[in-house]
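Presented below is the structure to which this report refers.
Hydrogens, waters and symmetry mates play no part in the numbers below; they use all other heavy atoms, side chains included.
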Amino acid sequence: MTASSKQEGTVAATQQLGSMSLAESVGRQVEPAKGENGTEKTPTPTSTSTPIKKFCSACGKGSDTLKQCNGCKCVWYCDKKCQNKHRKQHKKECKRITAELDKRGGKLDLGIDKIECMVVVVVVVSEQEGTVAATSTQQLGSLSLAESVGRQVESMKKNGTEKTPTPTPTKKFCSACGKESDTLKQCNGCKCVWYCDKKCQNKHRKQHKKECKRITAELDKRGGKLDLGIDKIECKRFKTELEKRGGTLDLGPLEKPPPREECPICMHTLPLHTKLQASFACCGMIICSACDYQHKIRKPCSCPSCTERVLQHQMVCGQPARKPVPRTCDFCRTKIPNDDEILVYKRKRAERKDPRALHDIAMDYGHGWHGLPMDQAKCIDLMRQSADLGFLCALLKLGNYHHGGEMGLKPNREEAIKWWEKAAEGGDFNARHNLGVMAMKDGDDFASMRHWRLSAAAGYRHSMECLIICFEKGWLLHADLAEAVEAFFLARAEMRSDNRDTYIAHLKKTGEYKVEYDY
């Protein structure tokens with residue numbers, strides 16, 4: 001085929017595609033184009049001429065022999081069985097599209113001449129100059145541009161002054177249920193968090209009450225103003241630091257904290273406090289204590305507490321309860337090892353360079369647990385091996401040991417910060433909070449607030465309290481605080497579940513719950 005014939009073939013194909021809808025053209029081969037001598041020549045097949053494989057909307061099976069929905073003509077199915085199975089999910093959209101196609105007399109596209117709505121979009125290049133870069137007219141059938149993108153387009157003034165379109169609303173998250181929406185309602189007190197409705201707000205009141213009261217009280221002192229103003233700040237050191245930054249209090253957008261470890265059973269983020277976590281030496285897994293508690297309830301073991309509970313059940317119900325069985329691991333279902341077997345399991349995992357096992361054996365040497373002699377030098381050596389493998393808990397503890405001069409180490413501030421920085425980069429909220437404290441002691445208040453915002457975004461309440469103190473002093477803008485508060489409660493919502501609430505209620509009932517667990 002010559003170059004001229006190829007060009008003519010391309011033109012012919014383009015004209016043919018122009019006269020048909022895109023939906024009709026997908027998966028079809030372009031008709032043969034005429035060559036120079038008038039004879040029809042079939043173009044060489046390409047990847048674009050191959051029929052596109054469809055996917056069944058019910059089962060997801062891919063095939064090029066699926067049957068199209070006769071109503072909306074948008075989805076495909078293997079057979080009638082798949083279509084009936086998917087009818088409930090597809091019914092709403094199918095009805096609307098089918099009704100519109102019926103109005104058009106079966107035509108898939110309306111046609112440009114039938115479009116009625118006109119929307120003018122103005123793009124402003126410079127806010128200072130107010131120059132209009134481009135004005136384009138787009139016709140969108142019965143749907144306006146403002147409705148299609150969720151924003152309102154402001155009309156231009158007749159005198160030619162600039163009008164910038166309203167920015168797209170940022171989607172918020174409900175602090176109670178975590179639902180994402182742009183129609184949430186703001187808390188009237190602190191003006192920091194958002195809720196779906198009054199029901200979500202009442203449900204979340206207990207968790208939000210403490211922070212909300214302090215922020216609301218500060219806003220009332222300011223007469224409703226969100227920010228205090230630079231001239232009202234009293235701290236001379238902070239004012240000096242503020243002048244170096246050009247007089248701006250803005251900390252910038254809040255970075256998304258690294259993802260935290262999840263419970264492998266319930267798939268919720270692990271609780272912050274280690275007393276609300278359960279670890280197993282057999283497989284090295286860490287789960288939330290709520291899942292461990294549920295496992296004990298459903299499958300009682302032969303320990304005294306479970307045996308007593310089984311007898312009580314038999315006395316109350318008058319029916320024989322299940323006999324206690326040996327306790328098994330919640331994750332791998334192997335028999336829970338005794339103290340001698342625990343050390344054997346840890347050593348096997350440590351030989352395979354398991355960072356958690358190295359950390360656990362280091363703690364055993366440091367405190368003389370599980371029959372091991374107390375050896376602080378050995379503890380630090382194993383802890384460094386675990387830290388070199390990136391284990392966050394080992395990085396944090398090495399920083400703590402260097403800072404407090406524990407485990408035979410001399411106090412070394414620089415070494416402590418070095419280890420904490422490594423742990424914070426991996427997502428450890430405790431190390432991030434400690435870096436904020438150290439930055440505050442060094443006189444870098446802005447750096448400390450940035451650290452605390454990140455640790456608060458992970459759900460750490462100590463950091464949130466520090467941020468509220470900075471807000472009360474006028475150092476932190478309300479917008480920066482609100483961003484941190486919203487992320488804080490979102491992280492707390494990800495750590496909550498019905499089973500965990502049940503476990504907390506059990507701890508409070510037995511008197512084992514401590515206030516520090518909420519941090």
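In this view, R104 and E100 satisfy the salt bridge (charged side-chain N to carboxylate O under 4.0 Å, His left out) rule, not counting sequence neighbours.
At least one donor-acceptor pair under 3.5 Å links the side chain of H478 to the backbone N or O of C190. At distances below 3.5 Å, not a single donor-acceptor pair connects side-chain atoms of D501 with backbone N or O atoms of I504.
In this structure, F489 and H204 have perpendicular ring planes: the angle between them is above 60°, well past the 30° mark.
Rounded to the nearest 0.5 Å, atoms CH2 (W475) and CD1 (I469) are 10.0 Å apart. The NZ atom of K95 sits 11.5 Å away from atom NZ of K92, with the distance rounded to the nearest 0.5 Å. Atoms CG and CG, from L396 and D428 in turn, are 4.5 Å apart once rounded to the nearest 0.5 Å. Residue M267 holds its CE atom at 13.0 Å from OG of S497, rounded to the nearest 0.5 Å. To the nearest 0.5 Å, atom CD of residue Q83 and atom CH2 of residue W76 are 12.5 Å apart. To the nearest 0.5 Å, the span separating OG on S289 from CG on N499 amounts to 12.5 Å.
Of all non-hydrogen atoms in G459 and A491, the two that sit nearest each other are N-CB, 3.7 Å. Nearest heavy-atom pair across A423 and L392 is O-CD2, 3.7 Å. Taking each heavy atom of F331 and M285 in turn, the nearest pair found is CD2-CG, 3.5 Å. Considering all non-hydrogen atoms of both residues, A439 and S448 come closest at CB-N, 3.8 Å. In terms of heavy-atom proximity, C329 sits nearest to H295 at O-NE2, 4.3 Å. Pairing each heavy atom of G474 with each of L249, the nearest pair is O-CD1, 3.8 Å.
Other residues, nucleotides and ligands contribute more than 12 heavy atoms inside 6.0 Å of the CG atom of D250. By the neighbour-count criterion of 12 heavy atoms within 6.0 Å, atom CG of D220 is densely surrounded, having more than that number from other residues, nucleotides or ligands.
By the 4.5 Å heavy-atom criterion applied to side chains, K191 and I215 are not counted as neighbours. Between F471 and L219 the shortest side-chain heavy-atom distance falls below 4.5 Å. Using a 4.5 Å heavy-atom threshold, the side chains of D292 and F280 count as touching. C78 is listed as a side-chain neighbour of L66, based on a closest heavy-atom distance under 4.5 Å. Considering only heavy atoms from C-beta on, E211 stays 4.5 Å or farther from V485 through its side chain. Taking the side chain as every heavy atom from C-beta outward, I287 and P264 approach each other to under 4.5 Å. Within the 4.5 Å cutoff, the side chain of C288 has no heavy atoms near those of the Y503 side chain. Contact check for D480 versus L467: no side-chain heavy atoms found under the 4.5 Å cut-off.
With Y77 as the fixed residue, the side-chain contact (heavy atoms from CB on, under 4.5 Å) test singles out one of K85, H90, Q68: H90. For the pairing with S463, the side-chain hydrogen bond (donor to acceptor under 3.5 Å, both in side chains) check across H451, R432, H433 returns one residue only, H433.
Between E255 and R450 no salt bridge is recorded (no basic side-chain N to carboxylate O distance below 4.0 Å). The pair R453-E483 counts as a salt bridge, with a side-chain nitrogen and a carboxylate oxygen less than 4.0 angstrom apart. Salt-bridge check for E472 with K221: failed, with every basic side-chain N at 4.0 Å or more from each acidic carboxylate O.
Screening residues 257-280 for side-chain hydrogen bond (donor to acceptor under 3.5 Å, both in side chains), with sequence neighbours left out, gives E261-R356, H273-E516.
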Verdict with supporting geometry, D518 and Y513, side chain to side chain contact (heavy atoms under 4.5 Å, CB included): CA-CA 10 Å; D518 193 38; Y513 182 78; 3.7 Å; yes
Working for side chain to side chain contact (heavy atoms under 4.5 Å, CB included), residues R87 and C94: CA-CA 9 Å; R87 181 62 183 166; C94 186; 3.8 Å; yes
